[in-house]
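To start, the structure itself, in structure tokens.
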Amino acid sequence: MTDSTAITASSIVQLVDTFYGRVREDAVLGPVFEARLAGHWDEHMPRMYAFWTKVLLDTGEFQGNVFGKHMALSGIGKEHFVRWLTLFKMTAIEVFGPEGADPAILVANRIASSLQLGFFGDIQVQV
């Protein structure tokens, strides 16, 4: 476990690696991510490091249309958000500690809320 007060570039890499490892093995999320990223995980992970470093530390370069990329996915339901948020929260607490995880969990909830508005027209899930 990382020091609960320190969100660093290296702890973000640990968060992203652990989280997406769990996503890939998850019965609900794994098929969705594999359908889109099969054979491209090595390209995707550095983008995820850059994204989370940008949103949690306000450093680095990330350019991309997160909302647009996700809106292009089909078959997304409430259960996907439940699993994504549950796995993310669990991983953030594990990596950053219970107190240190709050900033990452807040960002994850904001992202999930925005995507749910796009998919469903309202926010159905928050963790």
Side-chain angles (χ1 to χ4, degrees):
M1 182 182 306
T2 304
D3 180 330
S4 66
T5 61
I7 294 177
T8 64
S10 63
S11 66
I12 290 170
V13 169
Q14 181 185 357
L15 170 79
V16 170
D17 285 345
T18 303
F19 173 68
Y20 281 102
R22 289 175 175 157
V23 163
R24 292 180 79 174
E25 294 173 2
D26 188 77
V28 174
L29 296 175
V32 174
F33 279 80
E34 275 307 307
R36 184 76 173 142
L37 293 172
H40 300 284
W41 282 99
D42 289 344
E43 300 162 32
H44 187 66
M45 296 307 287
R47 291 186 52 74
M48 293 299 90
Y49 305 145
F51 173 79
W52 285 103
T53 300
K54 183 68 176 169
V55 299
L56 293 176
L57 297 177
D58 197 27
T59 61
E61 298 289 324
F62 176 82
Q63 294 182 356
N65 181 352
V66 174
F67 186 80
K69 291 279 187 190
H70 287 83
M71 288 298 100
L73 299 173
S74 60
I76 302 299
K78 178 180 175 180
E79 69 277 10
H80 296 102
F81 286 96
V82 170
R83 289 301 297 155
W84 191 89
L85 285 166
T86 300
L87 289 177
F88 189 89
K89 181 177 180 181
M90 178 180 71
T91 306
I93 290 169
E94 190 177 292
V95 173
F96 301 133
E99 300 84 21
D102 286 346
I105 293 168
L106 288 171
V107 170
N109 273 318
R110 278 200 317 259
I111 292 166
S113 294
S114 174
L115 293 174
Q116 288 176 78
L117 286 171
F119 279 114
F120 315 127
D122 65 349
I123 299 168
Q124 299 181 6
V125 177
Q126 275 194 311
V127 175

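Keep in mind it's a predicted model, so treat the numbers as computed, not measured. Residue numbers run from 1 in the order of the sequence given.
- Connection of Leu106 to Ile123 is not established within any shared hydrophobic cluster, with ILVMFWY side chains joined at heavy-atom distances below 4.5 Å, either directly or through further cluster members.
- Listed for the Ser113 side chain is a donor-acceptor partner under 3.5 Å among the backbone atoms of Asn109.
- Contact annotation: the side chain of Arg36 never approaches that of His44 to less than 4.5 Å [non-hydrogen atoms, C-beta and beyond].
- Residues Asp122 and Gln116 have side chains not in contact (no heavy-atom distance under 4.5 Å, counting atoms from C-beta outward).
- Closest heavy-atom contact between Pro31 and Ala27: CD-O, 3.4 Å.
- In this structure, the side chains of Thr8 and Ser11 come closer than 4.5 Å at one or more pairs of heavy atoms.
- Residues Ala92 and Ala104 approach most closely at CB-CB, 4.3 Å, considering heavy atoms.
- Between Trp84 and Phe88, the two ring planes are parallel [angle under 30°; tilted spans 30° to 60°].
- A salt bridge links Glu94 with Arg22: the distance from a Lys NZ or Arg NE/NH1/NH2 to an Asp or Glu carboxylate oxygen falls below 4.0 Å.
- With rounding to the nearest 0.5 Å, the separation of CD1 in Ile7 from CD1 in Ile12 is 6.5 Å.
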task = May I have the step-by-step check of side chain to side chain contact (heavy atoms under 4.5 Å, CB included) for Ile105 and Ile93, ending in yes or no?
result = CA-CA 9 Å; Ile105 293 168; Ile93 290 169; 4.1 Å; yes
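- Shown here is Lys89, whose NZ atom has no more than 12 heavy atoms of other residues, nucleotides or ligands within 6.0 Å.
- Here Thr18 contributes atom OG1 and Leu87 contributes atom CG; the two are 11.5 Å apart, rounded to the nearest 0.5 Å.
- Side-chain contact between Met45 and Val16 is present, with heavy atoms from C-beta onward closer than 4.5 Å.
- A pairwise comparison of heavy atoms in Asp102 and Pro98 identifies OD1-O, 3.8 Å as the closest pair.
- The residues Glu34 and Arg24 are annotated as salt-bridged, a charged nitrogen and a carboxylate oxygen being separated by less than 4.0 angstrom.
- Residues Val23 and Val32 have side chains not in contact (no heavy-atom distance under 4.5 Å, counting atoms from C-beta outward).
- A single hydrophobic cluster is not seen to contain both Leu117 and Val107; linkage of ILVMFWY side chains at heavy-atom distances under 4.5 Å, directly or through other members, places them apart.
- At distances below 3.5 Å, not a single donor-acceptor pair connects side-chain atoms of His80 with backbone N or O atoms of Ile76.
- The distance from atom CE of Met48 to atom CG of Leu15, rounded to the nearest 0.5 Å, is 11.5 Å.
- Taking the six-membered ring wherever Trp is involved, the centroid distance between the rings of Phe120 and Phe81 falls below 6.0 Å.
- Residues Val66 and His70 form a side-chain contact, since some pair of their non-hydrogen atoms from C-beta on lies under 4.5 Å apart.
- Using a 4.5 Å heavy-atom cutoff, the side chains of Trp52 and Phe62 are not in contact.
- Atom-to-atom distance recorded for Glu61:CD and Phe51:CZ is 14.5 Å, nearest 0.5 angstrom.
- Note: Thr91 OG1 to Asp17 CG = 11.0 Å, rounded to the nearest 0.5 Å.
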